[in-house]
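First up is the structure itself, then whatever we jot down about it.
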Protein chains: 2
Amino acid sequence: MFSDTVEYALRAVIHLAHQAPAARTTAQIAEATQVPKDYLAKILQGLAKKGIVQTQRGVGGGVSLVKTPEELTILDVVNAVDPITRIATCPLKLPTHGTNLCPLHKRMDAAMATVEAAFRDSTLAEVLADPSTASVPLCDGTDPQPLKLRRKA
Amino acid sequence: MFSDTVEYALRAVIHLAHQAPAARTTAQIAEATQVPKDYLAKILQGLAKKGIVQTQRGVGGGVSLVKTPEELTILDVVNAVDPITRIATCPLKLPTHGTNLCPLHKRMDAAMATVEAAFRDSTLAEVLADPSTASVPLCDGTDPQPLKLRRKA
DNA sequence: GAAAAACAGGATAGATTAGTCTTGTTTCCA
DNA sequence: TGGAAACAAGACTAATCTATCCTGTTTTTC
């Protein structure tokens, strides 16, 4: 239901939040989060354009969060890479409906609203502080592994 | 967040539920739901393979629901065309996590769970009986209009 | 049994997503 | 100032999704 890009972006920012306010290189993030390095670079560029992260070139540079983990929500990240677009008007543009949603689209929109709300209520800090099970969201890892490998293999 | 295919499939079965237990031709459904006819045909084939609808060739034939609108949920339809796959194990396969989800994936899975639950609780009959706003989910229409037209146009 | 209605299925094409690779540019530091 | 570290950006490929078209097959009806 969520794109690979969303999954990757969330892993990256969670990792950055865990290190905040220090910067990490794209290669470091890629290894820790097991995301293909070159693809992650593109995603991080997108996050930079949206003001979620900032980058610093050169030796000792890297990527870091613009805001603190307390100020940044999962929804901010999701909307930066693959926005949750609510159903505002009838997709069939039926004149008799106007801006009212039919019962079907009302339910679909309501479902998206619950996701939106859940994501808006989760700050990165809160995710990191979650006391359940493994306390650290993403820990060690071996090498980057594309999600696609799951499918036809 | 939901694919075009899911949207189209839901429109089609809602339309069929509204006509139930009568059959409608693919062309009739396509026009009523404003879904591209040939693409809808493929989606309906998929729904037939999953046992959601049944088809009848020849004059007077068409597509109809296998179950009654009371027995069929939105989730049944969604899962037939584009399944909501819950996160069962850590996508990073971290050995230290085992089958436990990290806080991030727990939240993502929880979001999907709410959608799953909402869709499981909505039968087609219930959607049709919704007293709010326009009572009929999908009514008249002009001609099929691909969702894609919204984007670059 | 022929014609028409209707679905079945394959081929194809365009758009988007996912992923890789190469080159360029900025920045730090010795 | 030169080299290495690191991001920036574009080209390119593969897979998937969306969509269209064409031919075949089944079924009903006259």
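Keep in mind that this is a model prediction, so the values were computed, not measured. Below, chains carry the letters A, B, ... as their sequence lines are ordered, and counting in each starts from 1.
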Round to the nearest Å and state the distance from A/Leu47 atom CG to D/dC7 atom P.
14 Å
Do A/Lys42 and D/dG10 have a side chain to base donor-acceptor pair shorter than 3.5 Å?
yes
Using whole Å, what does the distance between atom C1' of nucleotide D/dC17 and atom CZ of B/Phe2 come to?
17 Å
5' precedence on DNA chain C between A/Gly58 and A/Leu40 (nearest-nucleotide basis)
A/Leu40
Nearest to the B/Ser3 side chain among D/dT18, C/dT20, D/dT29, which nucleotide is it?
D/dT18
Test A/Val66 against A/Ile52 for side-chain contact (heavy atoms from CB on, under 4.5 Å), laying out the working first.
CA-CA 6 Å; A/Val66 170; A/Ile52 305 291; over 6 Å; no
Whichever of A/Val59 and A/Lys49 has its nearest DNA chain D nucleotide further upstream toward 5'
A/Val59
Rounded to whole Å, how long is the line connecting atom OH of A/Tyr39 with atom C1' of C/dT16?
10 Å
Given atom CD1 of A/Ile43 and atom P of C/dA18, what is their separation to the nearest angstrom?
8 Å
Please give, in whole Å, the distance from D/dT25 P to B/Gln56 CD?
18 Å
Has the side chain of B/Glu71 got a donor or acceptor atom that lies under 3.5 Å from a matching backbone atom of B/Thr68?
yes
Round to a whole Å and report the spacing from CG of A/Asp4 to P of C/dT20.
12 Å
Answer yes or no: does a side-chain N or O of B/Thr25 lie under 4.0 Å from OP1 or OP2 of C/dC7?
no
Nearest heavy atom decides the nucleotide; on that basis, is A/Gly60 or B/Ala27 closer to the 5' end of DNA chain C?
B/Ala27
B/Arg107/A/Asp130 salt bridge by N-O under 4.0 Å criterion:
yes
Could you label the plane-to-plane angle of the B/Phe2 and B/Phe119 rings as parallel, tilted or perpendicular, counting under 30° as parallel and over 60° as perpendicular?
tilted
Quick one: the side chain of B/Arg57 and the base of D/dT25, do they pair up donor-acceptor inside 3.5 Å?
yes
At less than 4.0 Å, is any side-chain N or O atom of A/Thr26 found next to OP1 or OP2 of D/dC7? Yes or no.
yes
Tell me the interatomic distance from B/Lys37, atom NZ, to C/dA6, atom P, rounded to whole angstroms.
10 Å
Whole-Å distance separating the CD atom of A/Glu7 from the P atom of C/dG19
11 Å
Please tell me which of the listed nucleotides, D/dA8, D/dT27, C/dA18, lies nearest to the side chain of A/Gln45?
D/dA8
Report yes if at least one side-chain N or O of A/Tyr8 is closer than 4.0 Å to OP1 or OP2 of C/dA18; otherwise report no.
no
Given C/dA4, C/dA8, C/dT20, which nucleotide is nearest the side-chain atoms of A/Asp38?
C/dT20
We want to know whether B/Thr123 and B/Glu126 form a side-chain donor-acceptor pair, criterion being a heavy-atom distance below 3.5 angstrom.
no
Closest to side chain of A/Thr5, choosing from C/dA18, C/dC28, C/dC7
C/dA18
